[in-house]
Amino acid sequence: MKVIVIGAGVIGASIAFRMAETGAEVTLVEALRVGSGTSSTSYAWVNACEKLTSRSYFDLNYAGVKAHRRIAGEIEGANWFHRPGVVQWKDSGAEASGFDKGDFDKLERLKSWGYPAESIDAATLSELEPEVDSSTFSEEGAIYYPEDGWLDAPVYAGAIVARAQRHHGMRLVTGKKVERLLTRSGRAVGVLLADGTEILADQVVNSAGRWANDAVGDAEYGLPLAPTVGLIAYTTSCDSSLRHALRTPLVNCRPDGAGRILLRSNDIDKTVPIDAEAVPSHPSAQELLSRMIKLMPSLEGLHVEAVRTAIRPIPRDGLSAIGRHPALENYYVTVTHSGVTLGAFLGEAVRDEVIHGRSVPELAEFRPARFF
Ligand SMILES: Cc1cc2nc3c(=O)[nH]c(=O)nc-3n(C[C@H](O)[C@H](O)[C@H](O)COP(=O)(O)OP(=O)(O)OC[C@H]3O[C@@H](n4cnc5c(N)ncnc54)[C@H](O)[C@@H]3O)c2cc1C
């Protein structure tokens, strides 16, 4: 079977890799570089504990967590999945940590659903993160996820794409944009690149994330999206002992390599315009830094070194849209927030559905058809 996968983010790379392993003739087409889209500007927490809107959404994301553990164990030298644990706490009325008042039973629910999570007190927090100012910590509702962590998504995507090329003959086309789908009698038969090249295939998978609708060339093959803006600030390198990812009412932060700290916050994101200039002097970046220094006063004197903004690929109802598009045969689409969490699982699931014709139960409630 010949398959084209559009977009080499964390999702497209995973799908192309798993399909190429089956012996399918896979061409992965990427407009820029592997992993350079939204996957490069992400908090990248691989988790299901924030996905409690329904049991099925939790199960889908937990399948994502498990698939990342599997693939990191499967590939020798895997260096992209950091799992020192994540701590989440709240203060009165704050939603910045993603932990609102309705979540008082969150811990019990997570435990009953088999998710590793435990309650911790201030003394344990200061053992885990000695530089955190304990006055910012609220014992009520603090949860430690000992097995959680984050993914260096571009590193992951690059490693599996290289493996697919080297071991499974996958063809990678970078620096070429898909202009539109090629169709015949209600079926997708390939793609047209912006330089006029046509690539033909039996199946087309659109994993172009927030740009998914730009790659199809006809609104009929699009999906209704409700994207949101995210801003991430990166500090200068420092000697901080920060080891875990922290989701706090002030700021969400985590180490980002070479002593840099990645900073973001849900409430600040809501104030960032879509065309915000991504510069260190941006007021939102400076606000993130001052909140970080409040959280860890030992960081006084640190600077913002870089800022990046990204647009989250989110279907209109906020949930994942993974499956065949009802307007066109042989055309499959994957647009979802939490794509970092879901990437490795979607690699396996989309392979099973497109190559083996097996329907994957975890995806049943998240089909694009619900919009049509
Ligand atoms: C601030 C922020 C925080 C986040 N935090 C988390 C988190 O903690 N956990 C989590 O799981 N998720 C998180 N996400 C979401 C997650 O990052 C995304 O869901 C995920 O990266 C999407 O991956 P993707 O492969 O679908 O898209 P992308 O990574 O954007 O990949 C799509 C690729 O398609 C390419 N492309 C686009 N158009 C074309 C075309 N016409 N032809 C060819 N190629 C094309 C692009 O260049 C790009 O490389 C966060 C996102 C943001 C912005």
Side-chain angles (χ1 to χ4, degrees), residues 4-16 27-51 60-61 64-65 68 86 88 98 148-154 156-158 161 172-181 191-195 197 199 204-217 225 227-233 245 247 252 254 262-266 268-270 272 278 284 288 307-315 320-322 333-347 350:
I4 294 166
V5 179
I6 308 170
V10 65
I11 295 177
S14 302
I15 293 169
T27 304
L28 175 60
V29 186
E30 164 56 48
L32 301 168
R33 288 177 60 89
V34 173
S36 62
T38 312
S39 300
S40 68
T41 306
S42 179
Y43 190 58
W45 180 11
V46 176
N47 80 91
C49 55
E50 293 295 277
K51 319 293 169 185
L60 173 64
N61 282 273
V65 173
H68 269 302
V86 175
Q88 179 177 41
D148 272 16
W150 62 90
L151 199 83
D152 289 332
Y156 161 78
V161 164
L172 172 67
V173 178
T174 54
K176 306 269 182 190
K177 198 169 170 183
V178 170
E179 185 132 300
R180 65 175 172 86
L181 301 173
V191 297
L192 174 72
L193 304 187
D195 67 4
T197 310
I199 309 178
V204 178
V205 178
N206 185 346
S207 297
R210 60 164 282 216
W211 299 277
N213 289 346
D214 302 338
V216 293
L225 302 181
T228 63
V229 182
L231 181 143
I232 293 184
R247 272 194 72 132
N252 301 333
R254 64 167 173 81
L262 182 158
L263 313 173
R264 63 166 302 277
S265 164
N266 287 345
I268 287 183
D269 276 354
K270 286 181 187 150
V272 176
S284 297
L288 285 167
V307 171
R308 272 167 229 144
T309 56
I311 300 194
R312 297 180 182 85
I314 309 187
S320 308
I322 316 285
V333 64
T334 67
V335 180
T336 181
H337 183 50
S338 302
V340 174
T341 298
L342 294 175
F345 175 70
L346 292 181
V350 178

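Just so you know, ligand 1 is whichever comes first in the structure, and atom 1 is the first atom listed for that ligand. The basis for the numbers below is simple: all heavy atoms, side chains too, and nothing from hydrogens, waters or symmetry mates. Given the structure is predicted, the values throughout are model-derived calculations rather than measurements.
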Set of side chain to side chain donor-acceptor pair (under 3.5 Å) partners for [X], sequence neighbours left out:
X      : result
Arg210 : none
Ser338 : Lys51
Thr174 : none

- Message: Using 0.5 Å steps for rounding, measure from the CH2 atom of Trp45 to the CZ atom of Arg254.
- Response: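 With rounding to 0.5 Å, CH2 (Trp45) is 12.0 Å from CZ (Arg254).
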Check: Do the side-chain N and O atoms of Tyr156 and Ser39 include a donor-acceptor pair separated by under 3.5 angstrom?
Finding: no
- Could you pull out every protein residue that has a heavy atom closer than 4.0 Å to ligand 1, ordered by chain and then number?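 Correct list: Ile6, Gly7, Ala8, Gly9, Val10, Ile11, Val29, Glu30, Ala31, Gly37, Thr38, Ser39, Thr41, Ser42, Tyr43, Ala44, Trp45, Lys176, Lys177, Val178, Ser207, Ala208, Gly209, Trp211, Ala215, Gly230, Ile232, Arg264, Ala310, Arg312, Pro313, Thr336, His337, Ser338, Gly339, Val340, Thr341.
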Checklist line | Presence of salt bridge, Asp269 and Arg312, under 4.0 angstrom | finding: yes
